[in-house]
Amino acid sequence: MAQEIAMLHDVARCSACRACMVACKQWHDLPADMSTPFEGQYQSHKTLTPTTWNLIQMNERVDKEGKLHWDFSKIQCMHCGDPACADGCPEDAIERQDNGCVVIHQDKCVGCGYCAINCPFGVPKINKETNKSTKCDLCYDRIAEGMEPACSKTCTADAINFGTKEEMLALAQKRLAGLKPNHPDANIYNPEGVGGVHMLYVLPEKPEVYGFFKPDAKTPASIDVWKDVVKPVGQVAAAAAVVGVLGLAAIKGMSGGKKGGE
């Protein structure tokens with residue numbers, strides 16, 4: 001079994017240079033979102049899009065003491081240990097690889113949108129032009145060749161790190177210890193409700209402060225009902241319907257033949 005890998009984003013170190021966003025688009029050959037409206041903010045996109053898989057989110061807030069803070073956080077697919085997107089995909093188009101990468105296979109995707117509906121983080125987006133679901137794939141093709149993801153390779157602030165999950169969790173603990181004296185609410189974001197993630201974060205404040213990071217994120221237990229019960233029943237019903245139609249056609253054919261011979 002392959003060794004589990006992970007990426008770590010230290011929010012306290014991020015400078016919002018957005019080099020990671022550019023690197024992601026370059027490696028995956030993703031076009032610019034030309035229709036993105038300007039809303040008077042420095043944040044480039046309001047949210048992830050079918051062609052923007054990695055976004056630096058800029059969050060302005062004022063603390064209890066009236067001090068202004070500007071938080072920069074990298075949002076993308078979390079690559080869950082128990083991915084709701086894969087569990088809910090009726091076409092088995094989404095694969096959780098042994099190393100932790102969660103990948104959408106475009107040749108199998110039918111654009112049904114179940115992954116987008118089930119994801120607790122709202123990450124997958126349906127490309128209307130291709131009718132395919134898209135999201136960050138953690139540069140699984142680069143990892144397979146012994147390289148690190150394009151975004152972590154490009155980060156100039158040492159805010160994004162890549163390695164084995166064990167190494168990244170150890171680094172996260174070290175970074176957390178350095179933050180705690182000035183940020184008592186600092187934490188490592190690795191929600192157990194989704195089986196842990198392979199996109200780890202060190203957050204200076206509680207997860208809910210940033211909007212994207214849900215402290216109670218979890219993979220719905222009812223998702224497997226679709227694949228294990230509803231889908232098979234539907235397939236049987238569809239098959240029965242086809243047999244019924246063919247049978248009716250055959251009966252009509254026989255009936256028609258008899259009338260013609262009288």
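FYI, side chains are in, hydrogens and waters are out, and symmetry mates aren't considered; it's all heavy atoms of this structure.
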Exercise: do Thr52 and Lys25 side chains pair donor with acceptor under 3.5 Å: yes

Whether Thr219 side chain and Asp82 backbone form a donor-acceptor pair below 3.5 Å: yes

Gap separating the OH atom of Tyr201 from the OG atom of Ser73, nearest 0.5 angstrom: 7.0 Å

Set of side-chain hydrogen bond (donor to acceptor under 3.5 Å, both in side chains) partners for Thr51, sequence neighbours left out: Asp33

Interatomic distance, Lys132 atom NZ to Cys109 atom SG [nearest 0.5 angstrom]: 5.5 Å

N/O donor-acceptor pair under 3.5 Å between His9 side chain and Lys74 backbone: yes

Separation between CD1 of Ile126 and OG of Ser133, rounded to the nearest 0.5 Å: 4.0 Å

Side chain to side chain donor-acceptor pair (under 3.5 Å) contacts in which one or both residues fall within residues 184-200, not counting sequence neighbours: Glu4-His198

Atom CG of Asp158: over 12 foreign heavy atoms under 6.0 Å: yes

Interatomic distance, Trp53 atom CH2 to Cys139 atom SG [nearest 0.5 angstrom]: 9.0 Å

Other ILVMFWY residues reachable from Val110 by side-chain steps of under 4.5 Å: none

Spacing of Lys125 atom NZ and Cys115 atom SG [to the nearest 0.5 Å]: 10.5 Å

Pairwise distance SG(Cys155) to CE(Met7) - rounded to 0.5 angstrom: 10.0 Å

Residues Arg61, Glu205: salt bridge by 4.0 Å N-O rule: yes

Shortest non-hydrogen separation from Pro124 to Ala116 and the atoms involved: O-CB, 3.5 Å

Distance-only polar pair, side chains of His105 and Glu95, donor-acceptor under 3.5 Å: yes

